Amino acid sequence: MGYVRADNVVVQFPIYGAAGGSFRRTFIRAATGGTLSRDEAQRVVVKALDGVSLELKPGERLGLSGHNGSGKTTLLRVLAGTYEPISGTVEVRGQVISMLSVTLGMDAEATGRENIFLRGAILGLRRRETEKLVEEIAEFAELGDYLEMPLRSYSSGMSMRLAFAVSMAVPSDVVLMDEWLSVGDQEFAAKAEARLKRMGEDGHIMVLATHDASLIARTCTRVIRLEHGRIADDRPIASA
Amino acid sequence: MADAARAGRVTLAVRDILRAVASVHVWHLMGWQEVRQRYRRSTLGPFWMTISMGVLVAGMGPLYGRLFNQNISEYFPFLAVGIIVWQLIFNLIQESAQVFIGAEQYIKQVRMPLTLHVLRMVWRNTIVFAHNMVVVVLVLAFFLPTYSPVALLALPGLAVLLVNAIWLGILLGTLCARFRDFPPLIAMLASVAFFLTPVMWRKEQLGQHTWAAEINPIYHFMEVVRAPLLGQLPAPLSWPVVCLVTVVGFAATVALFARYRSRIAYWV
């Protein structure tokens with residue numbers, strides 16, 4: 001069973017190559033993005049997350065909303081374990097699958113089937129383990145004979161189907177997604193949504209960052225709105 | 001307190017390296033994939049590397065043998081083996097610079113040990129080297145038909161060379177991720193090193209100045225692979241130097257990696 005807990009997480013990036021002539025005196029508060037400031041060494045830094053705390057229990061499906069640059073992707077990366085916060089703690093138990101990009105690790109010249117193995121390896125699977133999943137993946141992605149064709153012959157929606165199907169087939173406890181379901185046709189989007197809902201009901205934890213409020217309303221049990229790296233609003237969603 | 005935090009960071013750095021090594025199935029597949037990707041839809045595939053290396057050696061051997069006034073049957077195998085081992089070292093150094101920068105998407109999106117990206121680079125170059133070894137085998141079969149068991153000593157030599165590529169990849173990869181002037185600097189130094197390392201010329205040609213070759217650690221790494229393949233024992237100094245570099249290299253790298261490992265994702 002998965003479990004996610006973040007305690008007062010702060011993430012701050014130095015922005016190299018921005019000597020910062022134009023905003024030497026004041027940092028004008030922008031409508032979007034994290035707060036810009038300077039650190040002790042006088043480097044420009046952006047505070048992408050500023051004291052974020054949250055706890056997710058099995059079955060929770062969290063929607064992250066907020067402006068561009070409000071910290072959604074950064075928070076997903078922190079939960080995925082790729083960004084280590086400069087202060088605060090993160091605890092994530094269980095197998096985490098981050099589906100943050102469709103094309104990551106995919107080879108356009110390799111066939112759909114070969115790409116299943118590549119993607120599987122990146123997610124930590126051994127060849128034998130992936131072999132057992134191929135059929136299920138092929139069925140869910142509905143690609144038929146295209147599975148034996150090189151990926152460059154796929155449309156972007158088809159690649160997305162394949163990537164999504166692989167990520168869904170890999171055993172996981174926590175699923176992280178960034179603006180995913182916006183790709184693909186309606187029929188597949190509906191199928192994917194249904195799958196995500198079912199996973200939540202099976203006890204998976206899901207975190208989905210999106211600008212699509214109705215998608216959150218349909219698939220999530222809770223919504224958090226981020227603003228300048230802070231949680232501006234956190235409320236449950238009554239199940240439809 | 002500060003000591004405990006530092007010890008924790010060192011543990012995390014060492015764990016990163018060990019976990020990466022244990023994920024053989026991942027870097028093995030990714031390394032092969034990257035070689036294949038380069039030659040997809042070509043009939044000869046990766047053997048293009050073998051052929052271009054063969055052509056290079058066949059062209060340079062007689063020319064430089066004449067220029068340096070060398071006995072061709074001795075110089076040709078020396079040059080062939082030297083160039084191929086040098087190519088491996090050069091590629092490892094050169095690609096170390098990009099090892100984290102080029103893996104940006106992975107580093108930001110999927111949690112995997114950072115060292116894994118180094119291992120897949122080292123493995124990819126090992127595969128390339130294996131293809132080039134075909135040329136070595138052909139040249140040796142022609143010029144040095146008598147088989148000497150000394151040649152087997154090239155295996156531990158190659159192993160220690162590849163192990164050193166791991167720390168070098170982490171070290172240069174980290175520096176290059178942070179300071180973007182490092183990749184071109186490294187490329188420049190690596191090219192210069194070709195002329196300063198005895199690849200085309202022999203150490204003995206320096207006369208009383210052989211120290212100029214011996215202070216160069218790359219020479220000793222070349223030696224532990226090249227000399228056995230040519231049926232000779234490496235210079236007595238080579239193995240001790242190589243072992244020392246391995247220990248010092250890993251110690252320095254772990255210290256740096258412990259300090260900055262968690263920042264790399266923010267730098268790339």
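Since this is a predicted model, take the numbers as computed values, not measurements. Every chain is numbered from 1, with letters handed out A, B, ... down the list of sequences.
- Only the side chain of A/R127 has a heavy atom closer than 4.5 Å to any heavy atom of chain B.
- With a 4.5 angstrom heavy-atom cutoff, A/A108 does not touch chain B via any of its atoms.
- For chain B, the option among A/E114, A/R77, A/M99 with the highest count of heavy-atom pairs below 4.5 Å is A/R77.
- Of all residues in residues 36-47 of chain B, those placing a non-hydrogen atom less than 4.5 angstrom from a non-hydrogen atom of chain A are B/R36, B/Q37, B/R40, B/R41.
- Put simply, CG on B/L116 and CD1 on A/I122 are 10.0 Å apart, with the number rounded to the nearest 0.5 Å.
- The neighbour count for A/Y154 OH, taken as heavy atoms of other residues, nucleotides or ligands under 6.0 Å away, is above 12.
- Here the CG-CG distance, from A/L125 to B/L29, works out to 11.0 Å after rounding to the nearest 0.5 Å.
- Heavy-atom pairs under 4.5 Å with chain A were tallied for B/M112, B/Q33, B/M30; the largest tally goes to B/Q33.
- Residue A/R126 qualifies as open at atom CZ: its count of foreign heavy atoms under 6.0 Å is 12 or below.
- At a 4.5 Å heavy-atom cutoff, the contact between B/W267 and chain A is made by side-chain atoms alone.
- For a residue to count as touching a neighbouring chain, one of its non-hydrogen atoms must lie under 4.5 Å from one of that chain's; by this rule A/Q12 touches chain B with the backbone only.
- Side chain of B/Y266 to backbone of A/E84: a donor-acceptor contact under 3.5 angstrom is found.
- Within the 4.5 Å cutoff, no side-chain heavy atoms of B/R180 are placed close to those of A/Y16.
- Around the OH atom of B/Y260, the shell of radius 6.0 Å holds no more than 12 heavy atoms that belong to other residues, nucleotides or ligands.
- Remark: B/R263 fails to qualify as a cation-pi partner of A/Y83 under the 6.0 Å distance and 45° angle criteria applied to the six-membered ring.
- Within a 6.0 Å radius of CD in A/E135, other residues, nucleotides and ligands contribute 12 heavy atoms or fewer.
- Residues from residues 87-111 of chain B that place a non-hydrogen atom less than 4.5 Å from a non-hydrogen atom of chain A comprise B/Q105, B/Y106, B/I107, B/K108, B/Q109, B/V110, B/R111, given in numerical order.
- Using a 4.5 Å cut-off between heavy atoms, B/S23 does not touch chain A at all.
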